[in-house]
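Here the structure comes first, spelled out in structure tokens, and everything after it is commentary.
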Amino acid sequence: MPAEGKEPMRALNLISVLSLALAVLAGPASAKTRLLVYSTLVPEYIESFKQAFEADHPDIELALQRDSTGVITARLLAEKANPRADVVWGLAITSMMILDREGMLLPYAPRDLARIKPLFRDAKSPPAWVGMEAWAAAVCFNTIEGKKLGVERPSAWAALLKPEYKGRIVMPHPASSGTGYLHVSAWLQMWGEEAGWRYLDRLHENIHHYTHSGSKPCRDAAQGEYLAGISYELVGASHKAAGAPIDVAIMAEGGGWEMDAAAIVKGTANLAAAQALADWSASRKANEMYARYATLVAYGGIEPAMPGYPPGVEASLIKNDFAWAAANRERILAEWQRRYEGKAEKR
């Protein structure tokens, strides 16, 4: 073959080599950063938040691991020496305080921190955690079952002690559900520990079983499986708006409440991406999304409107000592399990 005939082949080979080199160089730059995110949020909620965040940050992929409050908290504590998660996105404040006390959270001030209500953020500067939305104690009461049984909708916690409720109430297990612990710690705060445990003893007589999910008692009541489910107002409003025959009852004595928060896990190898998620979580856009599912959100100036939401929730919130609830959590749960574990739902 004449020497000049080899020139086009050499040119093609050179182009191929250059293209391959450019692809190799471009590969790492275009690869997505993968964030492992632990959450307790309802699956459809956290999935919609994930999609919105990834649309705004196409270079970051969120790998979600969702479970109940007790499971997520225990998992994080077990992984303390070798953290796996990068971010916790939606975990009860009482659990966040435990993680912070163990030195497991990396303080960070999101860009919009000044717009976050003081109640919804860690008081330290920079904060170890920043709140997202709050949820409050409520009872989901099936109106059809109530009419059949001649039982009126409860308006006070004491009503649930009446004999007509015996075996017809479900409640979350406080060791596995943040909602369950919300109720127990609130009753002990409201009435003092001695009277609070007396109430729990009597309520236990009417409980059919304790679920490992905070939302399941309301779902069971909405489906008519039980007369009443001790749960929280957001899930009740959701079932009511969907047409379930339930009333979402706010108790006259007031009730406990909690908030979900976000935090960066200390030791993350993806700090910039974790900070991007923390910034987004505390943004107006994210809080407007939270407001589709909650009425009490962290960002100031957002007025949520949720169909089926009961009146009087904000006025019912007790003065909740989150620090006390976090510091005494293990002691309270041990006593609760000693007394009532026999009616826990089988996993």
### Message
Quick test of your reading: applying disulfide (SG to SG under 2.5 Å), list the pairs with at least one residue in residues 218-251, sequence neighbours left out, ordered by first then second residue.
### Response
Cys140-Cys218
### Message
Does anything in residues 59-113 form a disulfide (SG to SG under 2.5 Å)? List the pairs, not counting sequence neighbours.
### Response
none
Please name all residues satisfying ring-ring contact (aromatic ring centres under 6.0 Å, His included) with [X], sequence neighbours left out, ordered by chain then number.
{"X": "Phe53", "value": "His57, Trp280"}
{"X": "Phe141", "value": "none"}
{"X": "Tyr210", "value": "His204, Trp336"}
{"X": "Tyr290", "value": "Phe49"}

Could you work out, with side chain to side chain contact (heavy atoms under 4.5 Å, CB included) as the rule, every residue matching [X], not counting sequence neighbours?
{"X": "Thr73", "value": "Thr69, Leu77, Leu91, Ser95"}
{"X": "Pro126", "value": "Pro107, Ala109"}
{"X": "Ser215", "value": "Ser213, Arg219, Tyr232, Val235"}
{"X": "Ala242", "value": "none"}

### Query
Going by the salt bridge (Lys or Arg N to Asp or Glu O under 4.0 Å) test, which pairs reach into residues 320-334, not counting sequence neighbours?
Glu193-Arg331
### Query
Transitively linked via ILVMFWY side-chain contacts under 4.5 Å: Val265 with Leu64?
yes
### Task
Take Lys285 and Glu288 through the test salt bridge (charged side-chain N to carboxylate O under 4.0 Å, His left out) and record every step on the way to the result.
CA-CA 5 Å; Lys285 178 176 182 177; Glu288 286 175 343; over 6 Å; no
### Side-chain cluster (under 4.5 Å, hydrophobic types only) that Ile264 belongs to, other residues
Leu106, Tyr108, Leu271
### Message
If you count every heavy atom of other residues, nucleotides or ligands that lies below 6.0 Å from Lys117 atom NZ, does the total exceed 12?
### Response
yes
### Summary
Correct closest heavy-atom pair for Leu182 and Ala137 would be CD2-CB, 3.9 Å
